[in-house]
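Data block below; observations after.
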Amino acid sequence: VYTVRCRNLRVCTESESARWGILGPCPWLTGAAVLATALVLVGTELSVRRVRQLHGAEKAPGLAVAALPILAVLGSFSWIVGTVAGCYVMHESL
């Protein structure tokens, strides 16, 4: 069981809590990550449609179809690392 010492507990001022806001300290970075994630999801949907059209054909779907799963995995990993790092920074006083 992990306990927090009383000296580490304090009430945050409004200016301290305001810096985390709804998008965090870097709203442009969060926005760019959301946009990139949306583009990867749309690209994945388009790739799935392309592969369905080529089903049974003799030509390959292309490099973009192969690259999207890699981007999806890397994007997921980046979201996980970013979330854990953000929680660590927000709670480092504990």
Ignoring hydrogens and angles, write down the donor-acceptor pairs under 3.5 Å from the side chains of residues 70-81, residues two or more places apart or on other chains.
unit_1 : atom_1 : unit_2 : atom_2 : d
Ser76  : OG     : Ala72  : O      : 2.9
Ser78  : OG     : Leu74  : O      : 2.9
Trp79  : NE1    : Thr37  : OG1    : 2.8

*Given Arg49, which of Gln53, Arg52, Glu45 fulfils the side chain to side chain contact (heavy atoms under 4.5 Å, CB included) condition?*
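For Arg49, the side chain to side chain contact (heavy atoms under 4.5 Å, CB included) test succeeds with only one of Gln53, Arg52, Glu45, which is Glu45.
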
*How far apart are the closest heavy atoms of Leu68 and Ser47, and which atoms are they?*
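Between these two residues, the closest heavy atoms are CD1-OG, 3.0 Å.
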
